Amino acid sequence: MGQSLQKIENFDIKTFQEDLIGWYIREKRDLPWRKDQDPYKVWVSEIMLQQTRVETVIPYFNNFIKKFPNVEALANADEEEVLKAWEGLGYYSRARNLHSAVKEVAAKYGGKLPDDPKQLGKLKGIGPYTKGAILSIAYNKPEPAVDGNVMRVLSRILLIEEDIAKPKTRRIFEEAAANLISKERPSDFNQALMELGAMVCTPTSPSCLLCPVQEHCLAFSEGLQEKLPVKTRSKSTKQVSIACAVLVQNNDLYIHKRPDTGLLANLWEFPNCEVRTNRIPKRIYLENFLREEYGVEAELSELKGTIQHVFSHLTWNINVYFGKVCSDESMKELEKVFIKDIDRYAFPVPHQKIFALYKEKAGIQVEP
DNA sequence: AAGACGGGGCT
DNA sequence: AGCCCAGTCTT
């Protein structure tokens with residue numbers, strides 16, 4: 001038996017549930033995915049909310065549901081369209097996995113998201129947290145849904161000092177959550193725990209004086225709420241130097257679709273390459289790359305600007321050049337598109353910044 | 001177990 | 001500049 005269970009033995013679970021759920025019913029935010037219990041909408045919202053703030057997700061969720069109102073609509077959509085709807089939200093494999101899983105649900109389960117944990121957990125993009133969230137919120141089953149909020153809240157309430165950065169620690173919190181969850185109201189209970197983490201039991205300066213379960217909180221009684229949860233820190237990001245070209249010819253732009261795996265998979269970008277050497281000027285290095293890799297002869301401008309973009313695990317430092325294409329007769333891998341059609345393609349934020357720089361410096365107007 | 005995988009907001 | 005966010009997948 002884990003140490004967390006021993007602590008639960010002298011813990012008034014019933015009163016804790018009542019205090020927490022009562023607060024939630026009074027104070028919960030009016031969020032678009034709380035308007036009904038449609039399993040599809042719960043699913044989409046939970047995928048979008050992975051590692052992403054509520055305020056960021058709201059407009060994406062509304063637009064996505066408008067465009068793809070149900071399993072069938074999303075299953076019949078093109079991936080290009082789905083990625084476009086995800087543009088700027090990040091972690092794009094979520095969109096591709098959701099699309100793939102929705103197609104599977106349409107084909108194998110007649111369009112109905114399974115309520116069986118085994119079947120649910122096999123769908124792409126549905127891990128232990130999302131499985132629990134869907135089972136509890138959409139199907140009202142008493143399954144734990146342990147995310148970052150829940151680990152933080154429970155680490156404080158039960159004074160659990162396990163390192164939440166370690167993968168195996170999640171099991172401890174799942175066991176604790178399984179013991180605390182209301183069997184009568186699992187949906188409200190799980191959402192209340194997460195809502196408390198978002199609104200009251202925040203990472204820094206938690207509002208303990210306003211907390212509806214303060215009297216149940218072991219960390220507060222010891223004055224340790226600011227010390228929890230324990231989390232070992234990650235290391236800093238790697239720097240990557242990139243040279244990028246905005247190539248034009250008349251009213252055409254040259255863009256490239258990234259490969260279907262890895263960083264920013266299947267999104268579009270302006271032709272670019274990593275520069276590992278400083279023996280050759282970057283402009284020349286990029287011209288050679290464009291000729292050898294994409295078969296285009298281009299004459300590049302002087303440096304027009306640099307753009308920095310920080311990812312969670314690396315930083316891009318991008319030198320931006322503009323260029324005129326002299327010859328594209330042996331072009332490969334690139335697409336020529338009308339400048340006015342550019343917004344049909346899904347670009348990651350760094351390349352949105354590059355295009356903004358181009359519009360500013362080249363003074364072009366893009367008519368819708 | 002550790003790293004890849006986005007982007008934005010707060011300290 | 002670092003940390004965090006309604007995590008999952010791959011190696």
Side-chain angles (χ1 to χ4, degrees), chain A residues 24 28-29 31-34 42-61 83 86-98 100-101 120-134 136-138 144-153 163-171 173-174 177 187 189-199 201-206 226 229 231-240 258-259 261-267 269 308-316 346-353:
Chain A
Y24 175 69
K28 68 177 175 183
R29 289 170 289 179
L31 301 174
W33 46 90
R34 287 184 176 157
V42 172
W43 185 9
V44 170
S45 72
E46 289 303 337
I47 300 296
M48 286 188 169
L49 286 162
Q50 290 168 6
Q51 297 291 284
T52 311
R53 290 188 154 68
V54 165
E55 310 82 70
T56 306
V57 166
I58 290 173
Y60 282 91
F61 176 83
L83 285 175
W86 212 271
E87 182 186 52
L89 192 55
Y91 285 144
Y92 300 94
S93 66
R94 292 183 297 176
R96 293 184 294 112
N97 287 337
L98 172 63
S100 162
L120 202 52
K122 281 181 186 153
L123 294 169
K124 279 186 188 171
I126 298 186
Y129 161 73
T130 305
K131 181 173 69 171
I134 290 173
S136 59
I137 298 172
V146 175
D147 68 344
N149 278 321
V150 171
M151 287 201 280
R152 181 175 60 259
V153 170
D163 180 2
I164 66 166
K166 300 211 177 304
K168 54 184 292 191
T169 302
R170 207 198 66 249
R171 291 196 317 100
F173 286 93
E174 278 180 345
S187 171
F189 180 87
N190 277 351
Q191 292 188 78
L193 221 41
M194 293 188 273
E195 190 85 350
L196 189 72
M199 306 303 292
C201 196
T202 47
T204 58
S205 358
E226 302 268 14
K231 187 177 186 184
T232 55
R233 70 181 175 296
S234 54
K235 45 184 175 182
S236 59
T237 64
K238 189 177 63 173
Q239 302 287 320
V240 177
R258 294 177 61 88
T261 57
L263 184 64
L264 306 170
N266 285 359
L267 271 71
E269 65 184 0
Q308 185 178 78
H309 189 79
V310 180
F311 297 95
S312 35
H313 59 301
L314 54 86
T315 299
W316 277 355
F347 287 87
V349 169
H351 286 274
Q352 292 173 10
K353 293 179 188 167

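Computed from a prediction, not measured in an experiment: that's the story for all the values here. Below, read A as the first sequence line, B as the second, and so on, with proteins coming before strands; counting in each chain starts at 1.
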| request: Would you check, one step at a time, whether the test salt bridge (Lys or Arg N to Asp or Glu O under 4.0 Å) holds for A:Glu269 with A:Arg258? | output: CA-CA 7 Å; A:Glu269 65 184 0; A:Arg258 294 177 61 88; 2.7 Å; yes
Looking at the base of B:dG6, is there any donor atom on it, or on the side chain of A:Thr52, that sits under 3.5 Å from an acceptor on the other one? yes
Discussion item. Once you apply a heavy-atom cut-off of 4.0 Å, does A:Val54 come out as touching a base, just sugar-phosphate, or nothing?
Written reply: base
### Under 3.5 Å: donor-acceptor pair, side chain of A:Gln352, backbone of A:Phe347
yes
Nearest-nucleotide check on DNA chain C, A:Ala198 vs A:Gly125; residue mapping nearer the 5' end is A:Ala198
task: Can you tell me, in whole Å, how much space there is between the P of C:dT11 and that of B:dG6?
output: 15 Å
A:Leu267 CG to B:dG7 C1', in whole Å, measures 13 Å
Side chain to side chain contact (heavy atoms under 4.5 Å, CB included) filter on A:Val57, not counting sequence neighbours, yields A:Trp33, A:Met48, A:Leu49, A:Thr52, A:Phe61
To the nearest angstrom, the CD-P distance between A:Gln352 and B:dG6 comes to 14 Å
Review point. Taking atom types as modelled and ignoring hydrogens, do the side chains of A:Thr315 and A:Thr237 form a donor-acceptor contact shorter than 3.5 angstrom?
Key: yes
The residue, A:Lys166 or A:Phe347, whose nearest nucleotide of DNA chain B is more 5′ is A:Lys166
Within residues 126-134 of chain A, the residues having a heavy atom closer than 4.0 Å to DNA chain C are A:Ile126, A:Gly127, A:Pro128, A:Tyr129, A:Thr130
Using atom C1' in both nucleotides, what's the gap between C:dA6 and B:dT11 to the nearest angstrom?
22 Å
Between CD of A:Gln51 and C1' of B:dG9 the distance, given in whole Å, is 14 Å
Whole-Å distance, A:Tyr92 OH to B:dC5 P, equals 14 Å
Whole-Å distance, A:Arg96 CZ to B:dG6 P, equals 8 Å
Chain A vs DNA chain C, heavy-atom contacts under 4.0 Å, first-to-last nucleotide span, 5' to 3', is C:dC3 to C:dC9
Rounded to whole Å, the CD1-C1' distance (A:Ile164 to B:dA1) equals 16 Å
message = Can you confirm whether the side chains of A:Thr130 and A:Gln50 place a donor and an acceptor under 3.5 Å from each other?
response = yes
Practice task
Ignoring hydrogens and angles, state whether a donor on the side chain of A:Glu46 or A:Tyr129 is under 3.5 Å from an acceptor on the partner side chain.
Solution key: yes
task = Establish, with yes or no, whether the OP1 or OP2 oxygen of B:dC5 is under 4.0 angstrom from a side-chain nitrogen or oxygen of A:His313.
result = yes
TODO: Using a heavy-atom cut-off of under 4.0 Å over every strand shown, decide if A:Phe311 touches base, sugar-phosphate, or nothing.
DONE: sugar-phosphate
Is the shortest side-chain heavy-atom distance between A:Pro32 and A:Ile58 below 4.5 Å? yes
Sugar-phosphate only, base, or nothing, as touched by A:Trp33 at under 4.0 Å among non-hydrogen atoms | base
Ring centroid separation A:Phe311 to A:Trp316 under 6.0 Å: yes
Rounded to whole Å, CG of A:Leu89 lies from P of B:dG9 at a distance of 13 Å
- Message: Less than 3.5 Å apart, any donor N or O on the side chain of A:Lys238 or A:His313 sitting next to an acceptor on the other?
- Response: no
Between A:Lys168 and A:Leu263, whichever has its closest DNA chain B nucleotide further toward 5' is A:Lys168
To the nearest angstrom, the CE-P distance between A:Met48 and B:dG7 comes to 15 Å
By nearest-heavy-atom nucleotide on DNA chain C, the more 5' of A:Gly121 and A:Gln191 is A:Gln191
message = Over all strands shown, is A:Thr56 touching base, sugar-phosphate only, or nothing at heavy-atom distances under 4.0 angstrom?
response = nothing
| said: Over all strands shown, is A:Gly197 touching base, sugar-phosphate only, or nothing at heavy-atom distances under 4.0 angstrom? | reply: nothing
Under 3.5 Å side-chain donor-acceptor pair for A:Asn97 and A:Arg94:
no
Would you indicate, yes or no, if B:dG7 has its OP1 or OP2 atom less than 4.0 angstrom from a side-chain nitrogen or oxygen of A:His309? yes
Rounded distance in Å between the P positions of C:dC3 and B:dG3: 15 Å
Heavy atoms under 4.0 Å, any strand shown: does A:Pro229 hit a base, just sugar-phosphate, or nothing? nothing
Are any side-chain N or O atoms of A:Arg152 and backbone N or O atoms of A:Gly197, one a donor and one an acceptor, separated by less than 3.5 Å? yes
When we call it a touch if two heavy atoms are under 4.0 Å apart, what does A:Arg258 touch: a base, just sugar-phosphate, or nothing?
nothing
